[in-house]
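Presented below is the structure to which this report refers.
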Amino acid sequence: MKNTLLPGAKLSRLVLLPVVLSLVGTSVYAVDRYVSDVIYIPVRSDKNPQASILQQGIASGAKLNFIREETGTDNNLWSLVVTADGTEGWVRSQNITDKPTAAMQLAALSNSSRDLVGLQTENAQLKEQLAKVQQEHQQLLTDTEDMRQAATTALNLEEEHQSLLKENQLLQTHADVLKAENEKLRNTDRFNHWVYGGGLVLGGIILSFILQGLGRRKRRSEWR
């Protein structure tokens, strides 16, 4: 098959080929780069770009005291501010904001995350302490119940002891009464025996006199 391209077309291909190769080569060897989010702004003596610089390099995120805002000679808004070291001057209003920068917010978020982790750790520690306190509280309740039962038992024993003492006193009194009655009966029995003995002796004496009298009469009758 014969090459049918015209000489002009060949020339165009030869011209475009390095461009294509350069584009392909650029895309192949290109690496990523990022626009820096840290900028440095000057503080000027007046509200125009040609005014003298009072302080160089106020970095992003630096805290400034805002005083007022005016339009500069370049028809842009300028803000009168005071830096941390007390320098008072003008900066472009578009370079300052009333909100923290993204980097500051990210740092705050990181701090919040760290605080959250710290709070979670502290929360876990507090839960462990709470569990220990609850366990100690339960042990105290158990000890208190044991002490209450022991006190109740001791009180019951004391009441029972006092009741036994009263019963013992009553029994002792009853025994004394019985002893007195027994002694009384014993004395009465001795008296009766003494009376019976005395009666028998007296009866014996009287009977002996009677017999003696009868014996004398019998002998007198025999003598007659």
Side-chain angles (χ1 to χ4, degrees), residues 34 36-38 58-68 79 81-87 96-212:
Y34 302 93
S36 174
D37 57 353
V38 178
I58 302 298
S60 301
K63 187 176 181 180
L64 302 173
N65 289 327
F66 174 80
I67 298 177
R68 66 178 183 274
S79 296
V81 297
V82 179
T83 63
D85 60 358
T87 301
I96 63 175
T97 178
D98 57 351
K99 297 179 181 178
T101 62
M104 296 174 66
Q105 294 180 7
L106 181 60
L109 183 61
S110 299
N111 293 332
S112 300
S113 299
R114 287 194 293 270
D115 293 341
L116 179 60
V117 173
L119 288 175
Q120 289 176 344
T121 303
E122 185 177 359
N123 188 24
Q125 294 174 352
L126 288 175
K127 285 183 178 178
E128 292 179 358
Q129 294 178 3
L130 178 61
K132 292 181 180 178
V133 170
Q134 289 177 340
Q135 186 177 4
E136 293 176 356
H137 177 68
Q138 186 62 36
Q139 184 62 39
L140 287 175
L141 288 178
T142 303
D143 294 343
T144 303
E145 181 63 21
D146 293 341
M147 293 175 64
R148 190 185 66 78
Q149 292 181 357
T152 302
T153 302
L155 181 60
N156 293 335
L157 289 175
E158 180 62 22
E159 291 178 351
E160 186 176 358
H161 177 67
Q162 293 296 329
S163 178
L164 290 175
L165 285 177
K166 290 180 181 178
E167 292 179 359
N168 187 32
Q169 290 177 354
L170 291 175
L171 291 174
Q172 186 65 34
T173 302
H174 186 65
D176 293 339
V177 171
L178 291 177
K179 186 183 295 180
E181 290 179 353
N182 191 24
E183 186 65 24
K184 184 177 178 180
L185 290 174
R186 185 179 294 111
N187 293 333
T188 302
D189 185 61
R190 288 176 182 173
F191 177 77
N192 291 333
H193 282 88
W194 183 79
V195 171
Y196 292 152
L200 290 174
V201 172
L202 181 59
I205 294 173
I206 293 172
L207 182 60
S208 66
F209 283 127
I210 293 172
L211 291 175
Q212 288 179 3

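Among pairs with a residue in residues 181-197, those fulfilling salt bridge (charged side-chain N to carboxylate O under 4.0 Å, His left out) read E183-R186, at least two apart in sequence or across chains. Applying the side-chain hydrogen bond (donor to acceptor under 3.5 Å, both in side chains) definition to pairs two or more places apart or across chains, none involves residues 116-131.
Note that CG of L211 is 4.5 Å distant from CG of L207, once rounded to the nearest 0.5 Å. Here the NZ atom belonging to K166 is positioned 14.5 Å from the CG atom belonging to L171, to the nearest 0.5 angstrom. Rounded to the nearest 0.5 angstrom, R148 CZ and T153 OG1 are separated by 9.5 Å. Within the model, atoms CD of E136 and CG of L140 stand 7.5 Å from one another, a figure rounded to the nearest 0.5 Å. Taking OG from S112 and CG from L119, the interatomic distance works out to 10.0 Å, rounded to the nearest 0.5 Å.
Looking at residues two or more places apart in sequence or on another chain, you find no salt bridge (Lys or Arg N to Asp or Glu O under 4.0 Å) involving E159.
With contacts defined as side-chain heavy-atom distances shorter than 4.5 Å, the pair I206/I210 qualifies. Side-chain contact between M147 and T144 is absent, with no heavy atoms from C-beta onward closer than 4.5 Å.
Within a 6.0 Å radius of CD in Q162, more than 12 heavy atoms belonging to other residues, nucleotides or ligands are found.
A donor atom on one side chain and an acceptor atom on the other are not found under 3.5 Å apart for Q134 and Q138. There is no side-chain donor-acceptor pair under 3.5 Å between N168 and Q172.
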>> Before you tell me yes or no, could you show the steps for N192 and T188 under side chain to side chain contact (heavy atoms under 4.5 Å, CB included), namely the whole-Å CA-CA distance, both residues' side-chain angles and the distance that decides it to 0.1 Å?
In response: CA-CA 6 Å; N192 291 333; T188 302; 3.9 Å; yes

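Test L64, I96, I67 against S79 for side-chain contact (heavy atoms from CB on, under 4.5 Å) and you get one pass: I96.
Side-chain N or O atoms of T87 include none that pairs as donor or acceptor with a backbone N or O of T83 at under 3.5 Å. With hydrogens and angles disregarded, no donor-acceptor distance shorter than 3.5 Å links the side chain of S163 to the backbone of E160.
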